[in-house]
Novice: 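Sharing a structure here in structure tokens format.
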Protein chains: 2
Amino acid sequence: MKNTIKQLKEYLINHNIKPSTIRLKVLEYLLNNRIHPTADDIYKNLLPQIPTLSKTSIYNTMELFANNGVVKILSFDGKEAHYDVNTELHGHFKCRRCGIIYDFNVPFDIPIPNELKEFDVKEVDINFYGICHKCNKQRGQEM
Amino acid sequence: MKNTIKQLKEYLINHNIKPSTIRLKVLEYLLNNRIHPTADDIYKNLLPQIPTLSKTSIYNTMELFANNGVVKILSFDGKEAHYDVNTELHGHFKCRRCGIIYDFNVPFDIPIPNELKEFDVKEVDINFYGICHKCNKQRGQEM
DNA sequence: CTAAATGCAAACGGTTTGCAATGCT
DNA sequence: AGCATTGCAAACCGTTTGCATTTAG
């Protein structure tokens, strides 16, 4: 909706990715549905539009996207991968009740700890777990 | 070595776990090998002492330990679980080259971000990825 | 003797693989 | 035609399951 096909193509080309039908559809989906979807989410959503679609292609596409900085791969509790089009540094909160993944700003500069002074830190994951405010309210009513 | 069987038993009982042969051996291994082992690491290490040991028992034990605060389950990049007997809040650095997992102190109070003010945060994971100093040195020599 | 702990084998689920089919220029 | 993209089916691997067997109090 928000992005023209031309814009999507440019976006991929800027990330050194040849635009193909599937890649454009996946990108469009990711940009319009910022819910940290799984491979299965993406697959299920695009299947009606691309009846010949395979999961393999989703995985191929996501690996390509990850390697070219289009998405960051998230995982929580060692479970299935989620994909985040927002590759800027930020934290995630995963609700253990409803499963929704919330973004939050890391409201502090993350200092490299002394122990890691000579380490080459390339990536930082900050994941919180618990119960989100919506589920907290519901839980309150139940009791 | 460091811990008598009596001490190990007490440790489990304090965590509301009935001491069994396997549980004691696993605990002993964890306390003496603080390398964030996987289920397979633990299994392989104990097999010589307990020839009838099964992986299922390792998984059962680790789930019990996790539920009773004896270990924290770690996972990196969505891969196999690692188990940490140190359940105090601290961060981890995983070297993408040698695979070693380093601990570090989180040298800052982690403020709950505004976005999560009404959230019930129960767990915090802080994982860094990159190349550790040992591998950095090696890499320097190679080139 | 009973209940809990352990072990076996099969199933599971997400992901990866090898290779064939298809599409694009 | 030739190379990249896509799709299929099978393999893979860590984990979980159901149930039978063993162990310990």
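Proteins come first, then strands; the chains are lettered A, B, ... in the order of their sequence lines, and each starts at number 1.
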Novice: Pro19(B) or Lys79(B): which one's nearest nucleotide on DNA chain D is closer to the 5' end?
Specialist: Lys79(B)
Novice: If you take atom types as modelled and just measure distance, does the side chain of Thr56(B) reach the base of dC8(C) with a donor-acceptor pair under 3.5 Å?
Specialist: yes
Novice: Measure CD1/Ile58(A) against P/dT5(D) and give the value in whole Å, please.
Specialist: 15 Å
Novice: State whether Tyr59(B) places a side-chain N or O below 4.0 Å from either non-bridging phosphate oxygen (OP1 or OP2) of dT15(D).
Specialist: yes
Novice: For Glu80(B) and dT16(D), give me the distance from atom CD to atom P, rounded to whole Å.
Specialist: 13 Å
Novice: Does Arg96(B) come within less than 4.0 Å of Asp77(B), counting only side-chain N to carboxylate O?
Specialist: yes
Novice: Consider the side chain of Arg23(A), meaning its heavy atoms from C-beta on, and name the nucleotide among dT15(D), dA9(C), dT6(D) that approaches it most closely.
Specialist: dT6(D)
Novice: Identify whether any heavy atom of Ser20(B) sits under 4.0 Å from a base atom; if not, whether one sits that close to sugar-phosphate; answer base, sugar-phosphate or nothing.
Specialist: sugar-phosphate
Novice: Compare side-chain N and O positions of Ser54(B) against OP1 and OP2 of dT6(C) and report whether any pair is under 4.0 Å apart.
Specialist: no
Novice: Nearest whole Å is fine: how far is dG14(D) P from Asp77(B) CG?
Specialist: 15 Å
Novice: Could you give the NZ-to-P distance, from Lys44(A) to dG14(C), as a whole number of Å?
Specialist: 8 Å
Novice: Below 4.5 Å, heavy atoms only, C-beta onward: do Met62(A) and Ile73(A) meet side chain to side chain?
Specialist: no
Novice: Need to verify one output field. Residue with the more 5' nearest nucleotide on DNA chain C, Thr21(B) or Ala81(A)?
Specialist: Thr21(B)
Novice: Mind checking if Thr38(A) touches a base, just sugar-phosphate, or nothing, with heavy atoms under 4.0 Å?
Specialist: nothing
Novice: Does Lys94(B) make a cation-pi contact with Tyr129(B) (under 6.0 Å, within 45 degrees of the axis)?
Specialist: no
Novice: Which nucleotide, dG7(C), dT15(C), dC8(D), lies nearest any side-chain atom of Ser57(B)?
Specialist: dG7(C)
Novice: For Tyr43(B) and dG7(C), what is the distance between atoms OH and P respectively, to the nearest whole Å?
Specialist: 9 Å
Novice: Contact class for Lys18(B) (heavy atom, under 4.0 Å): base, sugar-phosphate, or nothing?
Specialist: sugar-phosphate
Novice: In this structure, is the centre-to-centre distance between the rings of His36(A) and His92(A) below 6.0 Å?
Specialist: yes
Novice: Within this structure, what is the CG-to-P distance between Asn60(A) and dC19(C), rounded to whole angstrom?
Specialist: 16 Å
Novice: Of the options dT5(D), dG14(D), dG7(D), whose atoms approach the side-chain atoms of Ile22(A) most closely?
Specialist: dG7(D)
Novice: What is the separation between atom NZ on Lys25(B) and atom P on dT23(D), rounded to the nearest whole Å?
Specialist: 16 Å
Novice: Measure the distance from CE on Met62(A) to P on dT6(D) and round it to the nearest whole Å.
Specialist: 13 Å
Novice: Does Asn136(A) reach the main-chain N or O of His133(A) with its side chain, forming a donor-acceptor pair under 3.5 Å?
Specialist: no
